[in-house]
Amino acid sequence: MARNQTSAQKRHAQSEKRRLRNKMVKSECRTYAKQFVALVEKKDKEGAEAKFRQLSGRLDSAYGKGILTRNAASRKKSRMARLFNKVFAAPATETQAQ
């Protein structure tokens, strides 16, 4: 009986450590996303591009570690890229059309 209890305690400690690590990575991804959106709203194209590269790397890393699913990471990157293109690419196409 004692062996089972010890292994259960160890397993719980391991899962708690993983939970905290996963929480930290997800929080970091959310922070980068908020910073990216703020830069896009300020119309800072260079800063937003740099932040998008960082965000993409963090999301890919989270997927590689099994924290996010492939579809979740892709969806988040796609939405951020769409936001970036909507704000920065649209004025260029309007001027070409005239």
Side-chain angles (χ1 to χ4, degrees):
M1 207 63 183
R3 181 184 300 163
N4 291 338
Q5 185 179 10
T6 305
S7 65
Q9 289 172 349
K10 180 179 177 184
R11 181 54 88 185
H12 178 69
Q14 289 172 333
S15 66
E16 183 66 13
K17 185 185 275 188
R18 284 190 199 96
R19 184 185 72 82
L20 293 173
R21 187 181 309 134
N22 293 348
K23 183 178 174 183
M24 182 182 69
V25 171
K26 285 182 182 183
S27 174
E28 189 176 47
C29 288
R30 283 192 295 269
T31 301
Y32 276 109
K34 286 177 187 176
Q35 290 171 351
F36 170 77
V37 170
L39 288 168
V40 168
E41 288 174 352
K42 289 182 188 176
K43 306 268 194 260
D44 180 4
K45 187 173 182 178
E46 290 78 26
E49 280 183 63
K51 192 57 70 174
F52 181 70
R53 280 193 297 274
Q54 288 179 327
L55 174 60
S56 293
R58 298 292 182 194
L59 291 171
D60 289 338
S61 176
Y63 162 61
K65 294 175 183 177
I67 296 168
L68 293 176
T69 63
R70 180 180 64 191
N71 287 350
S74 295
R75 180 180 66 244
K76 291 172 195 300
K77 287 195 297 188
S78 175
R79 286 180 181 170
M80 294 300 161
R82 192 169 48 188
L83 173 66
F84 182 86
N85 291 333
K86 182 179 175 183
V87 172
F88 295 112
T93 57
E94 289 176 9
T95 56
Q96 290 175 353
Q98 293 176 354

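Residues: numbered from 1 along the sequence shown.
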* Are Y32 and Y63 linked, directly or through other ILVMFWY residues, by side chains that come within less than 4.5 angstrom of each other? ->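 As far as the 4.5 Å side-chain criterion goes, Y63 and Y32 are not connected within one cluster.
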Donor-acceptor pair, [X] side chain versus [Y] backbone, under 3.5 Å?
{"X": "S61", "Y": "G57", "answer": "no"}
{"X": "S78", "Y": "S74", "answer": "no"}
{"X": "S56", "Y": "F52", "answer": "yes"}

Mind checking the [atom1]-[atom2] spacing from [X] to [Y]? Nearest 0.5 Å is all I need.
{"X": "K65", "Y": "R18", "atom1": "NZ", "atom2": "CZ", "result": "14.0 Å"}
{"X": "H12", "Y": "R19", "atom1": "NE2", "atom2": "CZ", "result": "8.5 Å"}
{"X": "M24", "Y": "I67", "atom1": "CE", "atom2": "CD1", "result": "8.0 Å"}
{"X": "L55", "Y": "Q35", "atom1": "CG", "atom2": "CD", "result": "9.5 Å"}
{"X": "R82", "Y": "M80", "atom1": "CZ", "atom2": "CE", "result": "10.5 Å"}
{"X": "L68", "Y": "K76", "atom1": "CG", "atom2": "NZ", "result": "6.5 Å"}

* Asked: Do K26 and K23 come close enough that some side-chain heavy atom pair is under 4.5 Å?
  -> no
* **Modelled atom types, side-chain donor and acceptor of Q54 and K51, under 3.5 Å** => yes
* Exercise: identify the closest heavy-atom pair between A48 and L39 -> N-CD1, 3.9 Å
* Sole residue of F84, F36, F88 in side-chain contact (heavy atoms from CB on, under 4.5 Å) with E49 ->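 Answer after filtering F84, F36, F88: F84.
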* To do: Output, in order, the C-alpha distance, side-chain angles, deciding distance and verdict of side chain to side chain contact (heavy atoms under 4.5 Å, CB included) for K10 and T6.
  => CA-CA 6 Å; K10 180 179 177 184; T6 305; 5.8 Å; no
